[in-house]
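Okay, structure first, notes after.
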Number of protein chains: 2
Amino acid sequence: MGRSKTALFTPSQNELADLARALAHPARVAILQYLANSQSCINGTLVQELSLAQSTISQHLQELKELGLIRGTIDGASVNYCLDIPRWREVQQYFQAFFEQISEIKTGDLCCD
Amino acid sequence: MGRSKTALFTPSQNELADLARALAHPARVAILQYLANSQSCINGTLVQELSLAQSTISQHLQELKELGLIRGTIDGASVNYCLDIPRWREVQQYFQAFFEQISEIKTGDLCCD
DNA sequence: ATAATTGATCGTAATATTACGATATAATTG
DNA sequence: CAATTATATCGTAATATTACGATCAATTAT
């Protein structure tokens, strides 16, 4: 974030920004969609699906994991990644609240219309 | 984006990622909230509101403008910034579609529960 | 016309992200 | 046990973002 200024903003603003950052890369969007559609959600499968290096995908997975959006459970030599559904609903709420807050505004209220 | 790989992803994935990137900084979240709540939405007011340099805020405003999320109309020496409501609804739809796509999945479908 | 105000743009430093190959770790197979 | 497979982590280069001061362009006020 350049020289970091997170302290200037509310926890809620920082939280939304963090969640948005999770979706702010097409590879992570693709990963989430793939996990949503697939029963066999393992890292290896993703490497074939997206054409990115294994280490790159692992890195993206870690980021999603840190934000709690996905969970990984060890299954022998491989890892089963899947969406964390409860957390996901929470995130959806967060975005929805933001969007509602914004679109509450009636067109007539705006200064430049 | 490091070495850019946008060509690997669908237009839809890239579009969502771009929109998410717009929200991926607390200053921009704050700007959008402020514009939503305020009738007097001018750049100068924002500089007092957020404590960031004028040039920094201008930069954030340009980013939001490029994505069509806000519009600026010149009003004498100053500029009136406001949300682009129609575009905003479009964006909301975009996110909503994504969230619905994700949460269509029933818990039982997942491999690691 | 000059000065003051407003906002955009430029240049640049600090920092963060993205991507990859190489290597490490852990489980599985032969 | 050695080889293989699956994933994580490290190191690092390329690129992008964030932030600021300085400056420019336009408008308004004196």
Side-chain angles (χ1 to χ4, degrees), chain A residues 1-9 13-14 17-31 35 40-67 70-82 111-112, chain B residues 1-9 13-14 17-31 35 40-67 70-82 111-112:
Chain A
M1 197 195 267
R3 280 187 219 109
S4 197
K5 297 263 171 172
T6 48
L8 291 180
F9 306 98
Q13 287 165 340
N14 282 312
D18 283 344
L19 291 173
R21 226 195 313 279
L23 306 182
H25 193 288
R28 289 193 292 270
V29 171
I31 288 173
L35 289 185
S40 66
C41 37
I42 10 178
N43 188 334
T45 326
L46 283 166
V47 176
Q48 292 150 38
E49 199 69 15
L50 321 178
S51 24
L52 288 172
Q54 180 264 321
S55 56
T56 304
I57 289 176
S58 187
Q59 202 174 289
H60 283 304
L61 287 168
Q62 295 319 305
E63 282 171 63
L64 292 172
K65 204 162 78 176
E66 263 155 43
L67 280 158
I70 64 175
R71 280 182 354 227
T73 57
I74 295 168
D75 174 21
S78 52
V79 177
N80 273 341
Y81 275 107
C82 62
C111 49
C112 49
Chain B
M1 196 194 270
R3 278 186 221 110
S4 197
K5 297 264 170 170
T6 48
L8 291 180
F9 306 99
Q13 286 165 340
N14 283 311
D18 284 342
L19 292 173
R21 225 193 314 279
L23 306 182
H25 193 287
R28 288 193 292 270
V29 171
I31 288 173
L35 290 185
S40 67
C41 38
I42 12 179
N43 189 333
T45 327
L46 282 166
V47 176
Q48 292 151 37
E49 199 69 14
L50 319 179
S51 24
L52 288 172
Q54 180 265 322
S55 57
T56 304
I57 289 175
S58 187
Q59 202 174 290
H60 283 304
L61 287 168
Q62 294 321 304
E63 281 170 64
L64 292 172
K65 205 161 77 175
E66 263 155 44
L67 281 158
I70 65 176
R71 280 181 355 226
T73 58
I74 295 168
D75 174 23
S78 51
V79 177
N80 273 341
Y81 274 107
C82 62
C111 49
C112 48

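Residue numbers begin at 1 in each chain, while the letters A, B, ... track the order of the sequences. All of these numbers come straight from a predicted model, not from anything done at the bench.
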Next on the checklist: Quiz question: going by heavy-atom distance under 3.5 Å, is there a donor-acceptor pair between the base of C:dG7 and the side chain of B:S58?
Outcome noted: no
Checklist entry - For DNA chain C, whose closest nucleotide is more 5', that of A:A77 or that of B:K65? => result B:K65
Item to check | Out of C:dA27, C:dA22, C:dA8, whichever nucleotide has its closest atom nearest the side chain of B:N43 | outcome: C:dA8
Checklist entry - Nearest of C:dT18, D:dT7, D:dG21 to any side-chain atom of A:H25? => result C:dT18
Checklist entry - So, do B:T73 and B:V79 sit near enough that their side-chain heavy atoms are less than 4.5 Å apart? => result no
Next on the checklist: Both A:I74 and A:A53 contact DNA chain C. Which one's nearest nucleotide lies toward the 5' end?
Outcome noted: A:A53
Checklist entry - Do you know which two heavy atoms are closest between B:A24 and A:A24, and how far apart they sit? => result CB-CB, 4.4 Å
Next on the checklist: Using OP1 and OP2 only, check whether a side-chain N or O of B:Y81 sits under 4.0 Å from C:dT6.
Outcome noted: no
Checklist entry - Tell me: CZ of A:R21 to P of D:dA16, nearest whole Å? => result 17 Å
Checklist outcome for this item: Under a 3.5 Å limit on both distances, the Watson-Crick or wobble mate of D:dT30 is C:dA1
Next on the checklist: By the 4.0 Å heavy-atom rule, please label B:L61 as base, sugar-phosphate, or nothing.
Outcome noted: nothing
Next on the checklist: Looking only at the side chain of B:L52 (C-beta and beyond, no hydrogens), which of the listed nucleotides C:dA19, D:dC20, D:dA8 gets closest?
Outcome noted: D:dC20
Next on the checklist: Quick check for you: to the nearest 0.5 Å, what is the distance between A:E49 atom CD and A:N43 atom CG?
Outcome noted: 12.5 Å
Next on the checklist: On the side chain of A:Q59, is there an atom forming a donor-acceptor pair with the base of D:dA8 - under 3.5 Å, no angle test?
Outcome noted: no
Checklist outcome for this item: To the nearest angstrom, the CD1-C1' distance between B:I31 and D:dA19 comes to 13 Å
Checklist entry - Within the distance-only criterion (no hydrogens, no angle test), does the side chain of B:N14 pair as donor or acceptor with the backbone N or O of B:T6 below 3.5 angstrom? => result yes
Checklist entry - Which part of the nucleic acid, if any, lies within contact of B:I57, taking any heavy atom under 4.0 Å across all strands shown: a base, the sugar-phosphate backbone alone, or nothing? => result nothing
Checklist entry - Is there a donor-acceptor pair under 3.5 Å between the side chain of A:R21 and the backbone N or O of B:L23? => result no
Item to check | N or O in side chain of B:R28 less than 4.0 angstrom from D:dT18 OP1/OP2 | outcome: yes
Item to check | Distance, rounded to the nearest Å, where B:L50 contributes CG and D:dT18 contributes P | outcome: 14 Å
Next on the checklist: In this structure, how many angstroms lie between the P atom of C:dA16 and the NZ atom of A:K5, rounded?
Outcome noted: 14 Å
Checklist outcome for this item: Heavy atoms of B:L50 and B:A30 approach each other most closely as CD2-CB, 3.7 Å
Checklist entry - Applying a 3.5 Å limit to both distances, which nucleotide forms a Watson-Crick or G-U wobble pair with C:dG30? => result D:dC1
Checklist entry - So, does the side chain of B:S78 form a donor-acceptor pair with the base of C:dG7 at under 3.5 Å? => result no
Item to check | Nearest-angstrom distance from the residue atom CD of A:Q54 to C1' of D:dT4 | outcome: 15 Å
Checklist entry - So what does A:Q62 hit on the nucleic acid, given a heavy-atom distance under 4.0 Å: a base, only sugar-phosphate, or nothing? => result sugar-phosphate
Next on the checklist: Distance check needed: D:dT17 C1' versus B:L23 CG, whole Å only.
Outcome noted: 16 Å
Checklist entry - Between atom CG in B:L8 and atom P in C:dT18, what is the gap in whole Å? => result 14 Å
Checklist entry - For B:R71 and C:dG7, what is the distance between atoms CZ and P respectively, to the nearest whole Å? => result 17 Å
Next on the checklist: Under 4.0 Å from OP1 or OP2 of C:dA19: is there any side-chain N or O of A:H60 that close?
Outcome noted: yes
Item to check | A:T56 side chain near C:dT18 phosphate (N/O to OP1/OP2, under 4.0 Å) | outcome: no
